[in-house]
Protein chains: 2
Amino acid sequence: MKKTTILDIARELDISFSTVSRALNDHKAISEPTKKAVKEMAERMGYQPNKIASSLRSGKSKTIGVLVPRLDVTFFSSVVHGIEAVMNENGYSILLYQSQEHFDREKKGIETFLNSQVEGIIASISLETDKSDAFAAVIKRNMPLAFFDRILPDLEVPSVTIDDYRGGFIATEHLIKKGRKKIVHINQYRNVNIFNERLRGYLDALKHYGLPIDEDLIIKGDFSLDFGRQCICDLVSKKIDFDAVFTLEDFTAMGVVQQLKEYSIKIPDDVSVVGFANEDFTSLVTPSISTVDQNSMGMGREVAHLFLKLLKKGDYYKHTPEKFVFEPTLLVRESSI
Amino acid sequence: MKKTTILDIARELDISFSTVSRALNDHKAISEPTKKAVKEMAERMGYQPNKIASSLRSGKSKTIGVLVPRLDVTFFSSVVHGIEAVMNENGYSILLYQSQEHFDREKKGIETFLNSQVEGIIASISLETDKSDAFAAVIKRNMPLAFFDRILPDLEVPSVTIDDYRGGFIATEHLIKKGRKKIVHINQYRNVNIFNERLRGYLDALKHYGLPIDEDLIIKGDFSLDFGRQCICDLVSKKIDFDAVFTLEDFTAMGVVQQLKEYSIKIPDDVSVVGFANEDFTSLVTPSISTVDQNSMGMGREVAHLFLKLLKKGDYYKHTPEKFVFEPTLLVRESSI
DNA sequence: ATGAAAGCGCTAACAT
DNA sequence: ATGTTAGCGCTTTCAT
């Protein structure tokens, strides 16, 4: 069964195919009766417009690329959920690509997007990314680009993030105000902006409240539940004294909690724990884990809205880019009450 | 800055643009020196192939549509994660669409996919969907279609699912073997195949082990943590006697556990609990919750592979469709040990 | 209000 | 091994 095109409809109604095209697109110069006739015929013949052909001719694909490190992480899938919902309401389709945290796959994704003639790209960079050339190419093409969460700070690009510095600060401040003096911070070994900021917030909170900075209490590694457990084992075996742990993200905090329980160290009496990200499980486990909420739902919707504004503006890189920064929210739960 | 096309490259090298096209696509009839020259020039001029134009001409978009109810549910985002990874390895891009559990948005998504000339669709249907016409249109177009998890059983379409009947059966059987006699089952009120199957598994297990079926113990509603709590409140206030709860999914089970704890009903001594889906938190909470694992990672990769096979085959609806059924795995944890 | 004609950038059948 | 030509299905300018 051959597909119906506007030409078929035109022949059937004995009018020109440009009239059909106009009628279908509600062009103002087309009379109502003609429009009605065309639309009915299109319906009857099971016409499906060919978006590819229309994109080629008009130069507008009504598609944007969304590039995320990975989708099997609650935070990213929530954000993509939000982006898709908003962009879809506004008539855009989403091309999805995962970098799997690899720099070269990220590059490949951008290339695919460019080849696919997307009208813009929303991205959160991989852990490996420290150069900005791949994204610079997007800018050079004058294609709109927006970052969320994991950004490249040296690129003049609109972005939606949370104030990670503040997140680190308030988490640490909270622990200090609970009387904690030896606060361990578990961070990441890679040079990733948002993680550095959380560390900076931790350090500044200590300084601000006149607590000493102890290098023994700052641990870097690859975050995971097991790494959290490992850290506690190491601290205990090295006989390093501590009364609180602030982790980079929640899975590590979970590992910390599990290992503390195993050692019969009381939470929060002996050691308080605060995580980061507000993963589902943090409110459900025992003890429930204090954490910093990143408003992942809001972030997806916000970056999509910011992006739509950008698309309308036209000259994307003439003005200083809009940087939307969410305030992080500290959720105090049983692990640090 | 105007974009570079094969015509520009051709002009620059003083050859025809079809030679350029062939060289770029590694056509066998093109000499090595020419290929080299063309590729170098393309690189130098910053050439980006226009996938849209190529798709229009060749009829192959190298894109498939992935339609899921929603991405803010771990199960679906894991599966999409798997699908994207595999399809990407095979040179396909993913157009993403969420039905948000609504039938009409699902229809709109399918239409968008058809307009976008995707080469096929992988889908899991919305809770509202009980008619198959929207998907039947895809089949009529002879476009490959595959379902995962939530399928339309009356459609002759390849699919990847778990054996939900068996999942319901083994969960119930496990409780029976632990000596439980009054097993509550919390299900859903909508007519969704996989949920019906889990119920059937529950019923058959009771029958098989000679236990009576008590309508009071079968509850239907909209699953959620709060609904789980509600169910326990209702059972207690109605003074209905029970010694185990098997829920349709894990959030409901979590609610059940929370409410039981609030009533100081001992888990698993007084009441055992088994959920379904193996959400992250089930292994982390106290007591950890027994659940049925659906192998969501495997499901994504498997449906992608099945789909690739389908694409190669050509005549998609001539043979009886391949139905891949994963065995569910019961994970026994503290809530029912 | 409608029609005629050009062309978006590419692939592929048909030449040579 | 390379060039010529047609055309995928649509939008859009220019004409009437």
Side-chain angles (χ1 to χ4, degrees), chain A residues 1-39 41-42 45-63 91 111-112 114-119 141, chain B residues 1-39 41-42 45-63 91 111-112 114-119 141:
Chain A
M1 185 188 77
K2 226 185 132 289
K3 275 186 215 162
T4 313
T5 72
I6 51 170
L7 229 142
D8 300 321
I9 300 175
R11 252 197 304 266
E12 206 69 27
L13 291 168
D14 204 30
I15 53 176
S16 86
F17 66 91
S18 35
T19 304
V20 173
S21 170
R22 287 192 189 99
L24 255 16
N25 291 304
D26 268 323
H27 193 288
K28 55 190 165 210
I30 300 294
S31 71
E32 274 312 318
T34 310
K35 279 187 191 172
K36 198 163 161 268
V38 168
K39 285 178 183 173
M41 183 57 76
M45 297 178 76
Y47 170 71
Q48 289 279 356
N50 185 329
K51 226 179 138 191
I52 295 268
S54 132
S55 296
L56 177 59
R57 179 60 236 251
S58 68
K60 305 239 150 285
S61 65
K62 279 288 183 180
T63 299
E111 213 178 285
T112 306
L114 291 175
N115 294 170
S116 303
Q117 313 298 114
V118 297
E119 290 184 35
R141 250 160 235 286
Chain B
M1 184 189 77
K2 228 188 130 287
K3 275 186 218 159
T4 313
T5 70
I6 49 170
L7 228 144
D8 301 321
I9 300 175
R11 252 198 304 266
E12 207 67 29
L13 292 169
D14 203 32
I15 53 174
S16 88
F17 68 90
S18 37
T19 303
V20 174
S21 170
R22 288 192 190 102
L24 255 17
N25 292 305
D26 269 323
H27 193 288
K28 56 192 165 206
I30 300 295
S31 70
E32 273 314 316
T34 311
K35 278 187 190 171
K36 197 160 163 272
V38 168
K39 283 177 184 174
M41 182 57 75
M45 298 178 76
Y47 170 72
Q48 289 279 356
N50 186 329
K51 223 179 139 190
I52 295 270
S54 136
S55 297
L56 177 59
R57 179 58 236 248
S58 67
K60 304 241 150 285
S61 65
K62 278 287 183 183
T63 299
E111 213 176 286
T112 305
L114 291 175
N115 295 346
S116 303
Q117 313 297 117
V118 297
E119 290 184 33
R141 249 162 238 285

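Residue numbering restarts at 1 for every chain, and letters A, B, ... go by the order of the sequence lines.
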Worksheet item: Does A:Ser31 make a side-chain N or O approach to OP1 or OP2 of C:dT2 shorter than 4.0 Å?
Response: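 So the side-chain polar atoms of A:Ser31 do come within 4.0 Å of the phosphate oxygens OP1 or OP2 of C:dT2, strictly under.
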Rounded to whole angstrom units, what separation is found between the [atom1] atom of [X] and the [atom2] atom of [N]?
X        : N     : atom1 : atom2 : answer
A:Leu114 : C:dG9 : CG    : P     : 15 Å
A:Lys28  : C:dT2 : NZ    : P     : 15 Å
B:Ile52  : C:dC8 : CD1   : P     : 16 Å
A:Asp26  : C:dA1 : CG    : C1'   : 15 Å
A:Lys3   : D:dG7 : NZ    : P     : 19 Å

Practice prompt. Before giving the answer on side chain to side chain contact (heavy atoms under 4.5 Å, CB included), spell out for A:Thr63 and A:Glu119 the whole-Å C-alpha distance, their side-chain angles and the decisive distance to 0.1 Å.
Written response: CA-CA 6 Å; A:Thr63 299; A:Glu119 290 184 35; over 6 Å; no
Discussion item. Can you list, in residue-number order, the parts of residues 9-16 of chain B that come under 4.0 Å of DNA chain D, counting heavy atoms only?
Written reply: B:Ile15, B:Ser16
Nearest 0.5 Å please: distance from the [atom1] atom of [X] over to the [atom2] atom of [Y].
X       : Y       : atom1 : atom2 : result
A:Lys3  : A:Asp8  : NZ    : CG    : 12.5 Å
B:Lys35 : B:Lys28 : NZ    : NZ    : 10.5 Å
A:Ile6  : A:Met45 : CD1   : CE    : 12.0 Å

Worksheet item: Does any non-hydrogen side-chain atom of B:Val38 lie less than 4.5 Å from one of B:Leu13?
Response: yes
Worksheet entry | Test log, rule side chain to side chain contact (heavy atoms under 4.5 Å, CB included), inputs A:Asn50 and B:Leu56 | CA-CA 9 Å; A:Asn50 185 329; B:Leu56 177 59; 4.2 Å; yes
Practice prompt. Encode nucleotides 10-16 of chain D as B, S and - characters from 5' to 3', where the letter depends on protein heavy atoms closer than 4.0 Å: B to the base, S only to sugar-phosphate, - to neither.
Written response: BBBBB--
Response to the item:
Closest non-hydrogen contact found for A:Asn25 with A:Ser21 is ND2-O, 2.9 Å
Discussion item. Using the rule given for side chain to side chain contact (heavy atoms under 4.5 Å, CB included), can you reason through B:Lys39 versus B:Asp26, listing the C-alpha separation, both sets of side-chain angles and the distance that settles it, and then say yes or no?
Written reply: CA-CA 10 Å; B:Lys39 283 177 184 174; B:Asp26 269 323; 3.0 Å; yes
